Structures are given as structure tokens and as C-alpha cells.
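Read the structure below first, then the notes.
What you are looking at is a predicted structure, and each value in this text was computed from that prediction instead of being measured.
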Amino acid sequence: MKLKKAGALSLALVMTAHVLTGCAMPKTGGGETTAASKEETAAQAEEAGEKAGKEQITIRVVDWSDSSLKRREEFNKKYMEEHPDIQIEYTMLTVDQFKNTIVTMIKSGDGPDLFPIPAGMTLSTALKEEWYQPMDDYITQEFKDSVDPAAVKEGITIKGDQWYTISEIMPVVNCLFFYNKDVLKNAGVNKVPETYGEFIEACKKITETGGGQVYGLVEGGKQLNRLDTLVRSFAAVGGGKIAPYSKVLTVDGKAPYDSEAVISAMALLEQLVADGSVHPDTVNISAPEARELFAQGQAGFICQGMWCIPPWEQAYPDLNYGVMAVPVPDGGAKGGVQQVELAPWMGIYKQSKHPKEAAEYLMALFSEGGGYQSGCVSDGNYVSVIPSVNEKHMSNEVMKEYYEVASAQAKDVPEATARDEKVYDFYTEVKDVQPSLGAITQGVLAQSITDYTAELKQLSERSTAEWKRASQAIGLDFGVFDFPNWDPLKDYTEADYKELK
């Protein structure tokens, strides 16, 4: 199965949280493991370990993979049954909770054995902070050979000739629109919208016929990363030369946040708000909460990623829904949505007392025979970094539709890291500028920002100044972020990179 070139993924996920030794986790909802049940499980595991005549070892794992929670629980149970000397203590947080929590744990010297790099952080930064250790001494060559070569990339999963992380998934854009077929039918929307105008009109009809119970669009507006992604996607198909979330590209030496394409994207959202077509809870809920409202028939459209499919299949098996591309300007597409980059994920904590056992768990988690990867792919959760798994187990029809639509609309965009590895240091040095693109979008949806053109201009000016400062601080040529030969309607290729050299 051919996959497009990799890029950064941003995940927006939420579920349960537990308490790990030395660090209290925030509690976020159902499914929490009680102290009594954990003690009982630990006691059973210890007893099993004693019977096997081996020392009982606890491997602590923390991440944010809520959409595959059921599969992970099944895998962990099976793994502990097959390894009676191993106790897996698994904790899942939201993306927003994770970064602060993991930093606190590591500063206290009590990091989990296995954990991913927070969204927006580079491998270089994590290694400078001494978060991870190389895993080459613990993973086999057979396992390395099973991983898609496109998922092994300098500065993402490896540094030099050493492996530090494994990517969770092959990158697929996380900005396509799901639509509720029954909601559209009930509103008399007989054509899946393809343009800005058609989308606005469809949302308006759904809202008008919804009687205050059903709206055109719902989003997880409390998560600024989702709103950021939404605007970037609309701007990209409008011809905007704008980088994926958390990355930097410039146009004529300036941050492109005040471009015509971004302003048009904001105008689209402003119109939806003016029509009353945006679900009133949007700015106060997370992406998973928005996902629930969509599945309950309270909205016709939602912009999210493939990760929605398994929870819907499990909780709403009768949900009648489909996948559509990001609507394009009325005059036609002027670009494609930004293909996300490959992202680093799970690595072994540098101070782990059980790196060998942690690596064995990790290899089993990613192996075709382990059941977790095949289950997630067949559920429609993601495209695996293990090609053999995709070839045998990609059977979910909505997942196939999502993948096909994504492959058709996504375009590879330039990556400054491909021109100069110092860009990784830049991402470590650069500071976020506020209010961010996501925050401005949130303000438009909440109607607290009306002059978004002025806000976008200020964001562009401040971002340009900060990007220049960060470049100068590390001795990077600021010009590496500018790609004058980039055509947004085409994939940016190796030949294009060579043309600039």
C-alpha cells in the first residue's frame, strides 16, 4: 500500500486518567481504574509472577490514545497473561493534560518507562532534556525491518544511527469532514457540499430545519489545535501557503497569517456564526465531546480525523455517516490540504529501570501478531507503520473512504527541516505568539473578535519578528522557511528542494 510522504500529526484526544506512583494524574471522566481494583490486579499479577518463579516487574506507560483504549486494554490483559512476571500500568490523558504532566514527572525523576513526545515538541528537544535512551540494544533487527521505511526519519524517530522513538501511525490528514447522512436528508440537503458556498448553505438549511436541536457544524472549540487545523485547512485549499499546525513557513519573508486565503477562511466561519449554524456548545467543548454530539445527531458536519471511527463503531453502530473533502472556494480549489508530517511517538525513558522489558512490550504492541495493530486498523482507527498489517486488515469501509479522500486532497508541502537540520533547534528556541491562530478562530466563533483582519495582521507581524529572533539566536538563515517555487496545487518534491540549492 503506497502512502504519501509523512509529516507532523497533531492528535486531539481525551478519556480517562489514573494515579501513577509519585504523580497524581488529573481525572477526566469515566472508565477510571479504582485503587481497589488496581491493588487487586497488582496482587494477582504478583501472585502469578511468584508462581512463575520470576521477579515481578511493573512497566508504566502513559499516552493519549483514547480512540484505541478498548484495544489497548485487551492487549495489556493478554500481554500480562502471557508474561506473568510483568505488570502493565497504563494511563491515558488528554493531549492538553499530557504535556504538563509528563514534564512534571520527568523533573521529579519519576517518568514512566514508555511515553510519547508531546505534540509540538521535537526529538532534538526531548534528547537535550535527557528524556529518552536509545532502544537499539533492546529491539531486534526483525522488528526494525517490519517498520515502513517511510516511518523511520532523522530527527523524528532516529538521531544519527540510533532509534529513539517509534511513530504511532502513518500520517493521514486529520482535517476531513464527517457528515451525518440522516441529518442532511432530513434537512433536504441532497448534495454533499464541495465549495464554501455550498457548505454555508447546507449548514444553514440543517440549522433552520433543526428547530434548535440540530445545527450545521459542531467542533471541539475548547481545543485550540483543532480550530487552528480547521482554519489552516480552509486556507490551504484556498491557495494559502501556510504550514501545518506547529510548523513554520514564510511567504516573501513573512508569516502568512494575514493572507487573503486565511482571511477568506475566517470570513467563512464568521458567516456560519452569523447564520446561527454553529452548535452553541462549540467553544466550550473538547474534540471528543463534539464527536459525541455529532454522533447523537446534533450536527450535520464535524472536522476531525480518522480516530473518530472506532468510538463511533463501538458506541453508535447505527450511525449513518460519510466522509467528504474540505470544501474549496466557489471558484475551485487553489491548493490542497497540508499533508501532515511524520510525528515521533513512543520512546523509552532514559532513567527506566526496565528498558529491556519496556522494549519487549513496545515490539509486541507494534507487531502484527500482537493483535493491537491489526485490531486498530480493522476498526478504522489509523494506518499502521507496519505495512503488512495494513495490507491484511484495512477492512473498515469508512476508513477506506477517509483514506481515499485524504490521498486525493492532501498535498506534500515544503519542510524547512529538509533544507537545514538547524530548523529542529529553531523549533526548540521559538516561542508561541499569542493570541494564536486557534485563539483568534475561537474568538470569531464566540463573537468576541469581530475585526479578525486586524488580529491576523498583528499575529503575522509578531510571528515574523519572533521567527527572525529565534533564527538569529541559533545562527539559522531565516530564508530557509521561504519556498518561492512552491505550487500549492502540487506535491512539493525532492526535485523542488534541489532546485533551490
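- R291 is listed as a side-chain neighbour of W312, based on a closest heavy-atom distance under 4.5 Å.
- Scanning for side-chain contact (heavy atoms from CB on, under 4.5 Å) contacts around Q162 gives P134, D136, Y164, with sequence neighbours left out.
- With hydrogens and angles ignored, the 3.5 Å screen pairs a side-chain donor or acceptor of S167 with a backbone N or O of A343.
- Below 30°, between 30° and 60°, or above 60°: for Y497 and F483 the angle between ring planes is above 60°, a perpendicular geometry.
- Proximity of a side-chain donor or acceptor of S68 to a complementary backbone N or O of R71 within less than 3.5 Å is not detected.
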| Steps toward side chain to side chain contact (heavy atoms under 4.5 Å, CB included) verdict (I242, V262) | CA-CA 9 Å; I242 187 168; V262 177; 4.1 Å; yes
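- No side-chain heavy atom of V383 sits less than 4.5 Å from a side-chain heavy atom of V377.
- How far CD of E455 is from CG of D258: 12.5 Å, rounded to the nearest 0.5 Å.
- Centroid-to-centroid, the aromatic rings of F294 and Y179 stay 6.0 Å apart or farther.
- Residue pairs satisfying the salt bridge (Lys or Arg N to Asp or Glu O under 4.0 Å) criterion with at least one member in residues 363-377, sequence neighbours excluded, are listed as follows: E368-K392.
- With sequence neighbours left out, K70 forms a salt bridge (charged side-chain N to carboxylate O under 4.0 Å, His left out) with no residue at all.
- Annotation: side chain of T493 is not in contact with side chain of D412 (no heavy-atom distance under 4.5 Å).
- Using a 4.0 Å cut-off between a side-chain N of Lys or Arg and a carboxylate O of Asp or Glu, E404 and K400 do not qualify as a salt bridge.
- The line from NZ of K457 to CG of D451 is 11.5 Å long, rounded to the nearest 0.5 Å.
- Here CG of L176 is found 8.0 Å from CE of M306. Values are rounded to the nearest 0.5 Å.
- Of the listed residues (N180, V183, I206, L272), just one forms a side chain to side chain contact (heavy atoms under 4.5 Å, CB included) with F301, and that residue is I206.
- Counting only distance, with no hydrogens or angles, the side chain of E466 and the backbone of K431 share a donor-acceptor pair below 3.5 Å.
- Sorted by first and then second residue, the pairs that involve residues 358-391 and meet ring pair (Phe, Tyr, Trp, His ring centres under 6.0 Å), not counting sequence neighbours, are F75-Y361, Y79-Y361.
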| Given the rule in the side chain to side chain contact (heavy atoms under 4.5 Å, CB included) test, do I166 and M135 qualify, once you have shown the distances and angles that lead to the verdict? | CA-CA 10 Å; I166 297 174; M135 59 178 71; 4.1 Å; yes
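- Judged purely by atom type and a 3.5 angstrom limit, S463 has no side-chain atom pairing as donor or acceptor with the backbone of S460.
- In this structure, CG on L269 lies 9.0 Å from CD1 on I200, to the nearest 0.5 angstrom.
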Donor-acceptor list for residues 248-256 side chains, cut-off 3.5 Å, not counting sequence neighbours:
unit_1: T250; atom_1: OG1; unit_2: F481; atom_2: O; d: 3.3
unit_1: T250; atom_1: OG1; unit_2: D482; atom_2: N; d: 3.4
unit_1: T250; atom_1: OG1; unit_2: D482; atom_2: OD2; d: 2.9

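- For E429, the salt bridge (charged side-chain N to carboxylate O under 4.0 Å, His left out) partners two or more places apart in sequence, or in a different chain, are R469.
- Taking the centre of each ring, F115 and F98 stay at or above the 6.0 Å mark.
- By the salt bridge (charged side-chain N to carboxylate O under 4.0 Å, His left out) test, E194 pairs with K191, sequence neighbours left out.
- The backbone N or O of S436 sits less than 3.5 Å from a side-chain atom of Q434, completing a donor-acceptor pair.
- Across V103, T125, I102, a single residue satisfies side chain to side chain contact (heavy atoms under 4.5 Å, CB included) together with P118, and that is I102.
- Residues in residues 114-127 take part in no salt bridge (Lys or Arg N to Asp or Glu O under 4.0 Å) pair, two or more places apart or across chains.
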| said: Is there a side chain to side chain contact (heavy atoms under 4.5 Å, CB included) between C376 and H393? Walk through the geometry before answering. | reply: CA-CA 9 Å; C376 288; H393 301 283; over 6 Å; no
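- When atom types are taken as modelled, the side chain of S352 and the backbone of Y349 share no donor-acceptor pair closer than 3.5 angstrom.
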Considering only distance and modelled atom types, tabulate donor-acceptor pairs under 3.5 Å from the side chains of residues 320-332, sequence neighbours left out.
unit_1: N320; atom_1: ND2; unit_2: D182; atom_2: OD1; d: 3.0
unit_1: D330; atom_1: OD1; unit_2: T195; atom_2: OG1; d: 3.4
unit_1: D330; atom_1: OD1; unit_2: G197; atom_2: N; d: 2.8

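- Using a 30° and 60° split on the angle between ring planes, F178 and Y402 fall in the tilted class, from 30° to 60°.
- Side chain of E219 to backbone of C303: a donor-acceptor contact under 3.5 angstrom is found.
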| task | Apply the test salt bridge (charged side-chain N to carboxylate O under 4.0 Å, His left out) to residues E415 and K153: give CA-CA distance (whole Å), side-chain angles for both, the deciding distance (0.1 Å), then the verdict. | result | CA-CA 13 Å; E415 301 175 32; K153 188 175 180 181; 2.9 Å; yes
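- For the salt bridge (Lys or Arg N to Asp or Glu O under 4.0 Å) condition, no pair includes a residue of residues 154-167, sequence neighbours left out.
- No donor-acceptor distance shorter than 3.5 angstrom exists from the side chain of S374 to the backbone of G370, with no hydrogens or angles considered.
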| said: What verdict does the salt bridge (charged side-chain N to carboxylate O under 4.0 Å, His left out) test give for E201 and K204, after you've listed the backbone C-alpha separation in whole Å, the side-chain angles of each residue and the deciding distance to 0.1 Å? | reply: CA-CA 5 Å; E201 184 60 27; K204 188 175 182 179; 5.4 Å; no
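- In summary, K490 and D496 do not engage in a salt bridge, as defined by a charged side-chain N under 4.0 Å from a carboxylate O.
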| request: Please step through side chain to side chain contact (heavy atoms under 4.5 Å, CB included) for the pair K422 and V480, ending with a clear verdict. | output: CA-CA 10 Å; K422 277 189 178 180; V480 301; over 6 Å; no
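- In this structure, CG on D379 lies 10.0 Å from CD1 on I309, to the nearest 0.5 angstrom.
- Sorted by first and then second residue, the salt bridge (Lys or Arg N to Asp or Glu O under 4.0 Å) pairs with a member in residues 116-129 read K128-D425; sequence neighbours excluded.
- Between atom OH of residue Y132 and atom CG of residue L123 there is a gap of 8.0 Å, rounded to the nearest 0.5 Å.
- With N390 contributing its side chain and S384 its backbone, the two residues share a donor-acceptor pair below 3.5 Å.
- With sequence neighbours excluded, the residues forming a salt bridge (charged side-chain N to carboxylate O under 4.0 Å, His left out) with E130 are K350, listed by chain and number.
- Counting only distance, with no hydrogens or angles, the side chain of T441 and the backbone of M266 share no donor-acceptor pair below 3.5 Å.
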